[in-house]
Amino acid sequence: MTDKKEMPIGLGEKIGYGLGDMACNIVFASVYMYLTIFYTDVFGLSAGVVGIIFFISRFVDAITDPLMGTIVDKNQFKDGKFRPWIKWGIFPFIMGIYMVFSTPDLPEVGKIIYAFVTYNFLMIVYTMVNIPYGSLTSAMARDTGELASITSIRMFFANLTGVLVAFFVPTLNNYFAARYTPAQSFQYTAVILAALGGIMLFITYVSTRERIVLPKNAEKVAFADILTLFKTNRPFVVMCVLFLCHFGIMTIVGGASAYYVKYNMGREDLTRWFMLLGNLPALAIMPFIPWMVVKFGKKPLLYMSTVLYMVTILSIYYIPASNVPLIFIIRLLAAAASCIASGYIWALIPELIVYGEYTSGKRFSGQIYAMIGFFFKMGMAMGGIFLGFFLEYFKYVPDAAQQPPEALHGILLLMSVVPAIILVVAVYMIKLYELDEKRYAEVLEVVVERERQLNEKA
């Protein structure tokens, strides 16, 4: 692998890269915050049907994600290995968001089919863009400090998008709702989000560069190598479970939040502020993550943030929903801990790629990111499935003026006890992650020397 050190990564390029995550996060944040309540309260689907759609869609991801990862790993184009896919995905990306939040006048079965087809189209487009986008990091740098810097800027923009989606989607919806139907208000809001996302992807494409290129005689990656990853790369397996946990929690809490504010707190007018607090802390914290990593170390930082997240989110169960100031404070603290725990793990993906090359002699950039993407989408899906079935089990009545006590209790569990239990699993998985700073430096040294020898033979 040739490392073009004569081309340093400037702040402008890092910002350009971060804007790509803003674009991708427009899809992610919109889906995990609003899609469930859009399907149930606007499009008219039952919560159980929504859960089934999310569940079946993950079988599609099980094929498309690793397939896309293999395609990315096997192909090289004139303007790079990863960047061209970002350019090609811009128009489908815009259309996917628009169609998902559209409400054609169809019978019930037609609505179910439409929701399933458009949701899967959006997820396939997301895969087409997000896997090359995420893999691009490994072609920009592999120094731990540089990767932490790139990722902190990337996560800053990702969470800035979360803030914008959390706050401005309800604001835009309210603006349009005063003039149009609820369905139209969602659709017009989606058009604005999609257009912004498309512009950001284009900026990412034109502003980034791929510096690290495979030697011409490097071993080729095959689809079957995915099994090798699970057999030989334990840090990769650990990280898959962590992504499953964190993004499952994000979907559960993100989806339940709108219900919690509307029904348990009885303050639907506070929805945008509650959602805003779930994303706002990241804007202040993300720039300091590289410093935190140096100060505390990777694993201690993950331990501390995950435990703090577990304690704060569990406390919501014991606080009366009528105590708005205290609920908002706890929401802020939980969001701060969450953004560290779920944000920093993205910086560890290039380490998994280097370790995979160390154990197998092959560089699985696309495949590793594809499988990580599959597990975080699986977390989103399982969170959505659990959210839908949980609401159904606890007798939730879509768009009712008042929910039965069982439904209110179920929503409360989704906001507190359920995510806390999942975080116990996350804490255990952190313990199993073996690539501390010393071990990674040893692995990287071996990989760099091996690549040097390959380049000499080329």
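All figures in this text were calculated on a predicted structure; none of them were measured in a lab. Here, residue 1 is the first one in the sequence, and each next residue gets the next number.
- Pairing each heavy atom of S342 with each of M250, the nearest pair is OG-CE, 3.1 Å.
- Although no hydrogens or angles enter the test, the distance criterion places no donor-acceptor pair under 3.5 Å between the side chain of E268 and the main chain of V261.
- Side-chain contact between F243 and I349: present, with at least one pair of heavy atoms (C-beta onward) separated by less than 4.5 Å.
- Using a 4.5 Å heavy-atom cutoff, the side chains of Y17 and T137 are in contact.
- For the pair P235/E351, no side-chain contact is recorded, criterion being any heavy-atom separation below 4.5 Å from C-beta on.
- Electrostatic pairing of K262 and D41 counts as a salt bridge here, judged by a charged N lying under 4.0 Å from a carboxylate O.
- Aromatic ring centres of F77 and W88: separated by under 6.0 Å.
- Side-chain contact of Y259 with T40: a donor-acceptor pair under 3.5 Å is present, judged by distance alone.
- In summary, the aromatic rings of F82 and Y133 are positioned with their centroids too far apart to meet the 6.0 Å limit.
- With a 6.0 Å radius and a threshold of 12 heavy atoms from other residues, nucleotides or ligands, E406 has its CD atom above the threshold.
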Walk me through it: do Y114 and T118 pass the test side-chain contact (heavy atoms from CB on, under 4.5 Å)? CA-CA 6 Å; Y114 178 83; T118 55; 3.5 Å; yes
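- For the pair Q187 (side chain) and T103 (backbone), a donor-acceptor distance under 3.5 Å is absent.
- When atom types are taken as modelled, the side chain of R267 and the backbone of N264 share no donor-acceptor pair closer than 3.5 angstrom.
- F121 CZ: more than 12 foreign heavy atoms inside a 6.0 Å radius.
- No donor-acceptor contact under 3.5 angstrom links the side chains of Y175 and T189, judged on distance only.
- The distance from the CD1 atom of I86 to the CG atom of L136 is 5.5 Å, given to the nearest 0.5 Å.
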What's the verdict on side-chain contact (heavy atoms from CB on, under 4.5 Å) for T64 and N120, showing C-alpha distance, side-chain angles and the deciding distance? CA-CA 10 Å; T64 59; N120 277 283; over 6 Å; no
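- Residues satisfying the side chain to side chain contact (heavy atoms under 4.5 Å, CB included) test with S315, not counting sequence neighbours, are I319, I330.
- Within the 4.5 Å cutoff, no side-chain heavy atoms of L242 are placed close to those of F375.
- Counting heavy atoms from C-beta on, the side chains of I15 and I203 never come closer than 4.5 Å.
- Taking CG of L67 as the reference point, atom OG1 of T127 lies at 10.0 Å (rounded to 0.5 Å).
- More than 12 heavy-atom neighbours from other residues, nucleotides or ligands sit within 6.0 angstrom of OH on Y303.
- For the pair R331 and F274, the cation-pi criterion (under 6.0 Å, within 45° of the ring axis) is fulfilled.
- By the 30° and 60° cut-offs, the orientation of the rings of F101 relative to F186 is parallel.
- When all heavy atoms are compared, the tightest approach of M22 to F157 is CG-O, 3.0 Å.
- Side-chain contact between F394 and I411 is absent, with no heavy atoms from C-beta onward closer than 4.5 Å.
- The six-membered or imidazole ring of Y119 lies near that of F54, with a centre-to-centre distance under 6.0 Å.
- From I422, atom CD1 reaches atom OH of Y309 across 9.5 Å, with rounding to the nearest 0.5 Å.
- Looking at I52 and F116, their side chains never come closer than 4.5 Å, going by heavy atoms from C-beta outward.
- Side-chain contact between K14 and R154 is absent, with no heavy-atom pair separated by less than 4.5 Å.
- More than 12 non-hydrogen atoms from other residues, nucleotides or ligands lie less than 6.0 angstrom from CE of M292.
- Annotation for Y393: atom OH does not count as buried by contact number, only 12 or fewer foreign heavy atoms lying within 6.0 Å.
- Across I316 and L412, no two heavy atoms sit closer than the pair O-CD1, 3.8 Å.
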Derivation and outcome, side-chain contact (heavy atoms from CB on, under 4.5 Å), residues M99 and L122: CA-CA 8 Å; M99 290 190 299; L122 179 60; over 6 Å; no
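- By the 30° and 60° cut-offs, the orientation of the rings of F390 relative to F386 is parallel.
- I112 and I53 get closest at one heavy-atom pair: O-CD1, 4.1 Å.
- At most 12 heavy atoms of other shown residues, nucleotides or ligands fall within 6.0 angstrom of atom CZ in F55.
- The cationic group of K111 lies under 6.0 Å from the six-membered ring centre of F43 and within 45° of the ring axis, placing it in a cation-pi geometry.
- Listed here is the closest heavy atom pair of V129 and C24: CG1-SG, 4.1 Å.
- For an aromatic pair to be called close, the ring centres must be under 6.0 Å apart, and F176 with Y188 satisfies this.
- Among all heavy-atom pairs drawn from V253 and M415, the shortest one is O-SD, 3.8 Å.
- No donor-acceptor contact under 3.5 angstrom links the side chains of S207 and E13, judged on distance only.
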Full working for side-chain contact (heavy atoms from CB on, under 4.5 Å) between K87 and F202: CA-CA 6 Å; K87 175 180 65 175; F202 180 74; 5.9 Å; no
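- With no hydrogens or angles considered, a side-chain donor-acceptor pair links Q184 and T181 at under 3.5 Å.
- Judged purely by atom type and a 3.5 angstrom limit, T204 uses its side chain to pair as donor or acceptor with the backbone of G20.
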